[in-house]
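A quick write-up on the structure given underneath.
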Amino acid sequence: MVNTMTLTWEATREFAVMAEYSTYGSVVVLQVNNPPVNSFSYHVRQGLVDGLEKAQRDPAIRSIVIMGKGRTFPAGADVREFGTASAGMMPDLLSVLAAVDTSPKPVVSAIHGTALGGGFELALASHYRLAVPSARVGLPEVHLGILPGAGGTQRLPRVVGVKTAIQMITTGQHIKAQQALSLGLVDKIVQGDLLKEAVSFARSIEGRPVEDRRISQKTVPDAEKVGEVVDAARKTIIRRARGAIAPMTCVQAIQASVLPFDVGMQRERELMAFLMTSWQAPAQQYAFFSEREVRRWSHPRDKRVNFKTAKPRVIKSVGVVGAGTMGVGITISLLQAGLKVVLLEVNKKQLDRGITTIQKTLSQKSASQRMSLLTTTMDYSALSDVDMVIEAVFESMRLKKEVFKKLDSITKPQAILASNTSGLDIDKIAAVTKRPDKVVGTHFFAPANIMRLLENILGKHTSAETIATAMQLGTTIGKVGVLVGNCPGFVGNRMLGPYVTEAVFLLEEGADPQDVDKAIEEFGFAMGPFRMGDLSGLDIGWRGRIEKGLTTEQGPPPATPPLYRRGNRYCPLADMLCMQGRLGQKTGAGWYRYEPGSRAALPDPVVQQMIREYRQEHGFKKRTISSQEIVERCLYPLINEGFHILDEGIAARSMDIDVTYLFGYGWPRHTGGPMYYAEKVVGLEKILRSLESYQAQYPDHHYLQPSPLLRDMVAKGTSLAALGTDSKL
Ligand SMILES: CC(C)(COP(=O)(O)OP(=O)(O)OC[C@H]1O[C@@H](n2cnc3c(N)ncnc32)[C@H](O)[C@@H]1OP(=O)(O)O)[C@@H](O)C(=O)NCCC(=O)NCCSC(=O)/C=C/CCCCCCCCCCCCC(=O)O
């Protein structure tokens with residue numbers, strides 16, 4: 001704890017600057033000035049307490065307004081301070097809010113931008129709340145692995161009731177001003193100049209008693225139903241949490257809001273301490289900052305490939321080639337961002353289907369405006385004037401080369417040509433054009449209008465300007481763009497290879513698809529590998545293996561040992577399903593069976609029988625495999641591949657890999673991503689020893705062979721953070 005008496009004049013001046021004090025007659029306005037989001041770092045807290053004390057001392061002051069300067073009302077605690085000495089320095093946020101709550105002079109919070117977390121808790125501790133129509137409020141702490149620990153779990157239910165508070169806090173949703181007004185969370189929506197309106201409002205309530213305005217003194221409206229409400233919510237919250245502990249801990253804190261305020265606050269504090277000291281909170285905070293940090297991209301291949309120096313081209317119109325699932329999803333994303341799109345599809349039926357889906361998906365309100373940005377065509381010459389083309393045709397090198405040749409001859413010379421390939425060699429595609437510097441991979445994830453990840457692939461000749469443009473496009477359309485290098489499968493799908501391979505080997509040894517999926521889903525994935533395969537279509541992988549010559553439509557290539565391909569162990573079970581026409585959900589059967597019109601994966605005795613016969617034929621003895629082994633056998637080889645990827649410079653930093661998995665593959669956020677999980681949760685040495693031990697048992701499973709980088713890091717005690725290029729430098 002720091003004794004404020006010892007602080008220098010310099011520091012005192014800093015407090016004042018971070019919470020500016022101005023008077024308007026009888027009204028004091030305290031404006032938080034801590035760009036970019038006015039978070040409550042230590043100096044802001046001290047500035048607010050100083051300002052409040054000064055206002056109380058001045059008899060001419062009769063009311064106080066708190067606002068944010070610049071783009072927003074405070075967006076919460078300064079998360080970068082968590083775990084540092086400044087976080088514990090007094091005054092803490094709780095004492096700032098206590099000073100607001102107990103102020104004898106009325107305090108008005110005037111909200112613009114986003115009042116989030118501690119920011120919204122400050123507003124709830126105030127006696128009145130005003131908001132501009134575009135403002136949003138919410139308590140999103142659950143996404144950072146914590147709870148609203150500055151009274152949010154106690155004050156919110158006193159206004160909206162336990163049921164709505166549970167809903168708001170466990171989802172962390174942001175609420176628009178109008179809805180906040182109808183829930184009683186703001187008192188008035190003000191148009192025009194917020195400062196002027198807030199000062200005039202503050203004058204209008206001067207002299208009124210503040211006691212009945214204190215939310216802390218109210219009781220919870222649905223207090224008598226608390227047990228019932230919690231019981232009803234529990235199952236859904238636990239299912240949605242997928243192993244994250246924060247959501248149910250938030251509920252426990254909200255439950256305490258029916259107790260006297262001080263008792264509830266004490267309970268909130270204890271539960272906050274529990275979460276703050278868990279391993280999940282730092283993991284989720286790492287995920288929050290990594291999502292933003294990947295915007296500061298660079299690549300070891302070329303110094304010019306760096307966000308600081310590379311300038312993007314301006315993109316106003318985009319051509320999309322292919323109106324299949326991916327092309328349609330990409331088109332919707334582009335239209336929603338207000339870009340002009342020319343959608344090309346050579347098959348008329350497919351084009352019509354695509355247009356119908358686009359129309360249905362765009363929100364009713366803006367559909368006609370967005371649709372006016374769309375031109376559809378079957379003729380390549382309609383692409384002659386676009387600034388960029390994204391090709392989204394079937395995943396075949398031959399077809400992609402054909403399309404790129406056409407695009408190269410038709411589009412203007414400065415147009416950027418992007419391929420939505422999920423793993424094909426971007427250099428080979430670029431090689432058929434006369435502008436390889438303007439060719440880039442833009443790997444979207446299905447459904448492309450929903451999934452946030454955009455994996456941007458840097459080819460051998462891709463220019464810094466081209467990659468900057470692809471990264472910028474991602475931001476424009478609301479994606480999280482990650483820059484990666486070119487290799488089969490890039491980062492995401494390359495790491496998926498060992499995961500899926502090992503999952504299928506587990507079937508040989510005794511597991512059923514549902515055993516593997518259950519263990520992986522209990523770990524926190526939304527879907528295990530077999531349910532995921534059925535959803536995406538088993539033919540995608542099968543076609544890929546056929547293209548690589550690993551199998552044929554009729555079975556193993558001639559003169560191939562059944563369980564080996566090119567010297568590596570191979571399990572043909574997935575190929576066998578495809579040969580029977582079991583391609584997943586779309587054919588009503590894959591690893592599971594599906595009732596017509598249902599997506600529920602049902603264990604299928606036919607598959608179980610097929611696996612049994614296969615084990616018998618190849619001499620595998622069924623054994624019981626624990627969930628722990630399933631998780632380790634599937635996830636450690638995936639992580640191991642991440643080390644190969646770092647070693648080869650395909651990803652510049654481990655956080656690029658983590659963000660890829662968090663936003664593209666449903667890796668559970670509370671574990672931080674595969675590389676973070678390996679280092680901070682399990683420990684690199686344990687991962688290495690497990691791989692070594694499994695490799696000793698299965699010497700011909702080549703994915704179990706530990707990466708040289710992993711071995712080296714364990715030997716030297718190096719950390720992943722020390723490996724990455726510090727893009728901020
Ligand atoms: C919507 C946003 C606010 C803005 O979005 P956008 O405009 O897109 O901008 P971004 O790119 O997201 O952000 C711009 C930069 O700002 C950085 N940023 C954003 N928010 C924060 C923040 N809260 N802290 C720090 N930095 C922040 C961001 O990284 C960007 O930086 P850069 O440009 O990349 O460098 C959006 O940003 C957003 O949603 N932000 C998060 C909002 C949020 O989650 N708020 C809640 C924060 S947590 C909180 O408020 C908690 C309050 C309770 C504190 C209780 C204290 C008492 C505890 C007592 C118990 C003690 C236990 C002790 C146990 C122990 O340790 O012993």
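Start at 1 and go down the list; that is how both ligands and their atoms are numbered. All values below come from the heavy atoms of this structure, side chains included, with hydrogens, waters and symmetry mates left out. Position 1 is the first residue of the sequence; numbering continues from there.
Under the 4.0 angstrom criterion for non-hydrogen atoms, D92 is not in contact with ligand 1. Under a 4.0 Å heavy-atom criterion, F288 is in contact with ligand 1. The closest approach between a heavy atom of E293 and any atom of ligand 1 is not below 4.0 Å. For E81, the heavy-atom gap to ligand 1 stays at 4.0 angstrom or more. Residue H143 places every heavy atom at 4.0 Å or more from ligand 1.
Looking at ligand 1, you'll find an N or O of A77 within less than 3.5 Å of one of its N or O atoms.
For ligand 1, the atoms closer than 4.0 angstrom to any heavy atom of E141 are 48 (S), 49 (C), 50 (O), 51 (C), 52 (C). Below 4.0 Å from some heavy atom of L144 lie the following atoms of ligand 1, by number and element: 44 (O), 47 (C), 48 (S).
Tested against E455 for a side chain to side chain contact (heavy atoms under 4.5 Å, CB included), the candidates F663, F445, F444 yield a single pass: F445. In summary, of the residues considered (I111, T114, L116), a side chain to side chain contact (heavy atoms under 4.5 Å, CB included) with T72 occurs for T114 alone.
In this structure the side chain of Q266 reaches within 4.5 angstrom of the side chain of E270, judged on heavy atoms.
For R452, the CZ atom sits in a packed shell: over 12 heavy atoms of surrounding residues, nucleotides or ligands are nearer than 6.0 Å.
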